[in-house]
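Here's the structure, in structure tokens; my notes come after.
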Amino acid sequence: MYKDFKLGLCQMLVTMSKEENLAKAIEIVGKAASSGCNIIVLPECFNSPYGTNYFAEYAEDISDSESPTLKTLKSLSIQYSIYLIGGSIPEKNENKIFNTSVIFNPNGEIIGIHRKVHLYDMDIPGGIRCFESDVISPGNQATIVNTEYCKIGIGICYDINFPEYSWTLSKDDTVGILIFPGCFNIDSGSKYWELLMKVRAFDNSIFVAGCSQARNNDASYVSWGHSIVVDPLGQHENIDEKEGILIKDIRFDELVRWRNNILFRKHKRFDVYRQ
Ligand SMILES: NC(=O)CC(=O)C(=O)O
């Protein structure tokens, strides 16, 4: 049901230049692939600065065969024969914009499209103010993709805040890992990025990975960084805020042992819980 693999989380620095961002993605994915990673992940908004002022300008139509970002992702997945979770990009679709992750298999075929379901609308007194819903439309589906290693549940950033979303992905026993391209800010990130990743992993007895943008202190929205992988017991590895790659061998024997002995997943009482 599961096959071990090497995961690479590419915590790249995102700038105002889409051209530079795509060149950076090519460089960092190449490095992760050279280190033997089978599944490689980019962060939320890897081709665009994160922010409601930018989404429309940087958005691309993912059905357009000339989309520069999609062409880049496709050719990287083929060149390195990898599964590539293309972080997210602002997606233009008719008159709407979505925050969208496109996932490729090693043949360069799209195996999943996830549109961020929970929009980040936040006004912290004295802190960050961001209303994604001013510009972005929400997706309406939980996304699971099939790979030769396991099924993967996909969410984007703020999607991790909702336990029901992670459970919806995790309840299929063949899903071995949840992957969240992200861009928490330094306020939310310092408070609960690690906590959320750990609790979702522990609650669902599953691996969880969060791949962040690197911190860019020149950006209007400063990313927390600290890309992270958590195992089903809640043990984690992460990197700091700078550009870098977190490489982690995902070994499923531990997940299987844990699920066989600790039966949270089977003890749920949906007959008691309220919607
Ligand atoms: N990009 C986001 O969705 C930001 C977020 O979730 C946060 O807490 O910060």
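Numbering of ligands and ligand atoms starts at 1, following listing order. Only heavy atoms go into these numbers, but all of them, side chains included; no hydrogens, no water, no symmetry mates.
Ordered by chain and residue number, the residues placing a heavy atom less than 4.0 Å from ligand 1 are Glu44, Tyr50, Lys116, Tyr120, Cys157, Tyr158, Cys183, Phe184, Asn185, Ser188, Tyr221.
A centroid separation of 6.0 Å or more is found between the aromatic rings of Phe5 and Tyr83. In this structure, Tyr50 has its ring center closer than 6.0 angstrom to the ring center of Phe55.
Annotation: cation-pi geometry not satisfied between Lys191 and Trp224 (NZ/CZ under 6.0 angstrom from ring centroid, within 45° of ring axis).
Hydrophobic clustering places Met197 together with Tyr158 (ILVMFWY residues linked when any side-chain heavy atoms are closer than 4.5 Å, directly or through intermediates).
Judged as a salt bridge (Lys or Arg N to Asp or Glu O under 4.0 Å), the pairs with a partner in residues 77-98 (not counting sequence neighbours) are, in order, Glu91-Arg115.
Atom CG of Asn146 sits about 12.0 Å away from atom CD1 of Ile103, to the nearest 0.5 Å.
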